[in-house]
Number of protein chains: 2
Amino acid sequence: MDTKTKLISAAEQLFDRHGFTATGMDKLTKAAGMSSRTLYKHAGSKTALITEVLKERHRRFQPHIEVGSVDALFDALEEWIRSESARGCLFLRAYGETGGDIPAITEAVLAHKARLYDKIQDIVAIENDEQEMPELAEQILILYEGATAAAIYRGPGAVVSAHKAALALLKQARS
Amino acid sequence: MDTKTKLISAAEQLFDRHGFTATGMDKLTKAAGMSSRTLYKHAGSKTALITEVLKERHRRFQPHIEVGSVDALFDALEEWIRSESARGCLFLRAYGETGGDIPAITEAVLAHKARLYDKIQDIVAIENDEQEMPELAEQILILYEGATAAAIYRGPGAVVSAHKAALALLKQARS
DNA sequence: AGCAGTGTAAAACGATCATTTTACATCGTC
DNA sequence: GACGATGTAAAATGATCGTTTTACACTGCT
């Protein structure tokens, strides 16, 4: 594992576990096993590091939304939440901690969410004879987002409930 | 408006706008129009201040869940988000920023969420001949949570979509 | 052999953090 | 008219923040 990969993954873990602002550079260097000089050579700044962590997170998350059905979408979410984290959406957390005041971060967050909505719209269209159904897509998105949030305090079962609700809405839209 | 009220409401605004950790005590004293000595006399510590802000937030939010129907629940949420904040759930944000490591804060968050779920379960029971329907209640909760989160980047329209989805699930459960 | 690249360890930077302290002003009340 | 409560302004506390710097070691290429 090269230096940068090690840095990004250590940072992702710490940010997810303790928050962005609360995680200091000393803890990052220690966790990544490198000097602060090396860290700054690769990351440039803390803001840039956060941005890169979000972009890497998006890359790693991508396969979980690259699916062909609503059923598979929630299966993938359940797997993610069971294995990765039940600490809420890291993108929205970054947005909240920075108040939307840091353009690079805000951009990464909004890009991720735009991509998520677009992908869900694609999936919904596949399930409905290629018809665009923007509101149904938004409702699936809301269930997806809500399951991620509710899983923090209700556990992975929230994803199962959201899953069933999504299938029910889909079925109803078809008839 | 007495000193403490002024402090709590200034703090709530700053925390909501800029995040908890990123909001320093100097900004709090300035916004609340008081010296740091007075602030500490009333709040005790930053952690205690955050906790009190959350409790006050819950008190102010309470009426929006003290309703008798799912329809009214989402109407109230829409009103809250349109007039108060579309920056996500302040409780979950506090939890995320502190990593769940500060007991007083974690407690306030979990108490709020437990109360929210219980209330939704009551409402769902009212709508279904006093039958307890835990999974439907969780699905409504997830739509509620998801609308709050999605409204950050999709605007208040997300609440409208969630509202319709909730009514659809309710209708389907009845038949 | 020499050089560019990549790394470490550790100190120093000025700023800002949460919190406490010192010194003083203004109250209403007994 | 003294007193306790409640406030202010401002400096000081020591810790920690993100970032830069200094000085040095190891590597692989040419």
Side-chain angles (χ1 to χ4, degrees), chain A residues 1-55 93-106 108, chain B residues 1-55 93-106 108:
Chain A
M1 198 148 84
D2 70 335
T3 313
K4 185 144 189 182
T5 308
K6 200 161 56 169
L7 168 60
I8 300 281
S9 82
E12 185 181 346
Q13 202 163 250
L14 282 179
F15 288 152
D16 184 48
R17 178 66 185 79
H18 301 288
F20 296 89
T21 316
T23 300
M25 300 310 265
D26 57 332
K27 294 198 182 127
L28 285 169
T29 54
K30 198 161 288 185
M34 65 185 55
S35 66
S36 68
R37 198 178 204 276
T38 304
L39 188 152
Y40 273 91
K41 184 154 288 185
H42 284 88
S45 68
K46 192 184 183 184
T47 293
L49 176 60
I50 293 174
T51 308
E52 290 196 65
V53 163
L54 291 180
K55 286 182 177 167
R93 287 171 61 196
Y95 185 81
E97 281 205 35
T98 57
D101 292 329
I102 294 161
I105 294 175
T106 303
Chain B
M1 195 147 86
D2 70 337
T3 312
K4 185 143 189 183
T5 309
K6 201 162 54 172
L7 169 59
I8 300 283
S9 82
E12 184 181 346
Q13 202 164 252
L14 282 178
F15 288 152
D16 184 48
R17 177 68 184 76
H18 300 289
F20 295 89
T21 316
T23 300
M25 300 310 265
D26 57 332
K27 295 200 181 122
L28 285 168
T29 56
K30 198 161 285 183
M34 66 185 56
S35 65
S36 67
R37 199 179 204 275
T38 305
L39 187 150
Y40 274 91
K41 183 153 292 184
H42 285 87
S45 68
K46 193 184 183 184
T47 294
L49 177 59
I50 293 175
T51 308
E52 290 197 64
V53 163
L54 291 180
K55 286 182 176 166
R93 288 171 60 198
Y95 185 81
E97 282 205 33
T98 57
D101 292 329
I102 294 161
I105 294 176
T106 302

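Below, chain A is the first sequence line, B the second, and so on; all start at residue 1. Bear in mind the structure is a predicted one, so any value in this text is a computation, not a measurement.
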Taken to the nearest whole Å, CG/A/Leu39 to P/C/dA9 is 14 Å
The dot-bracket string of DNA chain C, counting Watson-Crick and G-U wobble pairs with both distances under 3.5 Å, using [ ] for crossing pairs and | for pairs to another strand, is ||||||||||||.||||.||||||||||||
Side chains of residues 45-53 of chain B: which donor-acceptor pairs under 3.5 Å do they make with residues two or more places apart or in other chains?
from: B/Ser45; atom 1: OG; to: B/Ala48; atom 2: N; distance (Å): 3.2
from: B/Lys46; atom 1: NZ; to: B/Phe20; atom 2: O; distance (Å): 3.0
from: B/Lys46; atom 1: NZ; to: B/Thr23; atom 2: O; distance (Å): 2.9
from: B/Thr51; atom 1: OG1; to: B/Thr47; atom 2: O; distance (Å): 2.8
from: B/Glu52; atom 1: OE1; to: B/Lys4; atom 2: NZ; distance (Å): 3.1

In whole angstroms, the gap separating P of C/dA4 from NZ of A/Lys41 amounts to 14 Å
With a 4.5 Å heavy-atom cut-off, do A/Phe15 and A/Arg93 have their side chains touching?
no
C/dG7 OP1/OP2 closer than 4.0 Å to side-chain N/O of A/Thr38:
no
task = Evaluate the criterion side-chain contact (heavy atoms from CB on, under 4.5 Å) for residue pair A/His42 and A/Thr38; output intermediate values, then yes/no.
result = CA-CA 6 Å; A/His42 284 88; A/Thr38 304; 3.7 Å; yes
Worksheet entry | Below 4.0 Å: OP1/OP2 of D/dG7 and any side-chain N or O of B/His42 | yes
Rounded to whole Å, the NZ-P distance (B/Lys30 to C/dA18) equals 14 Å
Rounded to whole Å, the CE-P distance (B/Met34 to D/dT6) equals 13 Å
Whole-Å distance, B/Lys4 NZ to D/dA5 P, equals 17 Å
Closest non-hydrogen atoms of A/Leu14 and A/Ala31, given as atom of the first, atom of the second and distance, are CD1-CB, 3.6 Å
Applied to residues 94-103 of chain B, the side-chain hydrogen bond (donor to acceptor under 3.5 Å, both in side chains) test, sequence neighbours excluded, yields A/Arg17-B/Asp101, A/His18-B/Asp101, B/Thr21-B/Glu97
Across all chains, not counting sequence neighbours, the side-chain hydrogen bond (donor to acceptor under 3.5 Å, both in side chains) partners of A/Thr29 are none
Determine: side-chain N/O of B/Thr3 to OP1/OP2 of D/dG7, distance under 4.0 Å, yes or no. yes
Under a 4.0 Å heavy-atom criterion, the protein footprint on nucleotides 15-24 of chain D, written with B, S and -, is --SSBBBBB-
Note: contacts of residues 94-103 of chain B with DNA chain C (heavy atom, under 4.0 Å) are none
The reported gap from CG in A/Leu7 to CG in A/Leu39 (rounded to nearest 0.5 angstrom) is 4.5 Å
